[in-house]
Amino acid sequence: CLSLMVGVSIDYTLHLAIGYMESAAELPRQERARSALQHIGISVLSGALSTIGSGFVLFFTTIVFFQLFGLFIFSCALLSIIFALIFFGT
């Protein structure tokens, strides 16, 4: 379970880091971060919202395992995108 959480959690931050590294090196740090968020941020946010939505749908199943898995996916993706956009993005 822990290896799943690490794999899902690092995805959004890693995509933003790659966007930062691929931005123009002569720009200041804040401009590189802004460029990464402008170019790849919408794709990362869209991926996170679809993952959060799929976890939310699982809340309403009758099988307890699927409810718990939905809670796991929902909370992991939500905390991960919050960290990636707020803490890593600034």
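Start at 1 with the first residue, then count along the sequence.
For the side-chain hydrogen bond (donor to acceptor under 3.5 Å, both in side chains) test with Ser23, the passing option among Glu31, Arg34, Arg32 is Arg32; the others fail.
Heavy-atom minimum distance, His15 versus Ile40: O-CD1, 3.7 Å. The minimum heavy-atom distance linking Ala77 with Ile52 is given by the pair CB-CG1, 3.7 Å. For the residue pair Tyr12 and Ile81, the shortest heavy atom distance occurs at CD1-N, 3.9 Å. Residues Leu58 and Phe66 share a closest heavy-atom pair of CB-O, 3.5 Å.
With Ser50 contributing its side chain and Gly47 its backbone, the two residues share a donor-acceptor pair below 3.5 Å.
The hydrophobic clustering, which links ILVMFWY residues whose side-chain heavy atoms are closer than 4.5 Å, places Ile10 and Ile86 apart. Leu37 and Met21 fall into different hydrophobic clusters, defined by Ile, Leu, Val, Met, Phe, Trp and Tyr side-chain heavy atoms under 4.5 Å apart, directly or through other members. The hydrophobic clustering, which links ILVMFWY residues whose side-chain heavy atoms are closer than 4.5 Å, places Leu45 and Leu14 apart. Phe60 and Val64 end up in different hydrophobic clusters when Ile, Leu, Val, Met, Phe, Trp and Tyr side chains are linked at under 4.5 Å.
Side chains of Thr61 and Phe69 form no contact here, defined as non-hydrogen atoms less than 4.5 Å apart.
In this structure, CG on Leu68 lies 12.0 Å from CD1 on Ile73, to the nearest 0.5 angstrom. For the atom pair Tyr20 OH and Leu27 CG, the distance stands at 9.5 Å (nearest 0.5 Å). Rounding to the nearest 0.5 Å places CG of Leu49 at 13.0 Å from CZ of Phe56. Note that the CG atom of Leu85 and the OG1 atom of Thr13 stand 8.5 Å from one another [nearest 0.5 Å].
Heavy-atom neighbours of Phe59 CZ from other residues, nucleotides or ligands within 6.0 Å: above the threshold of 12.
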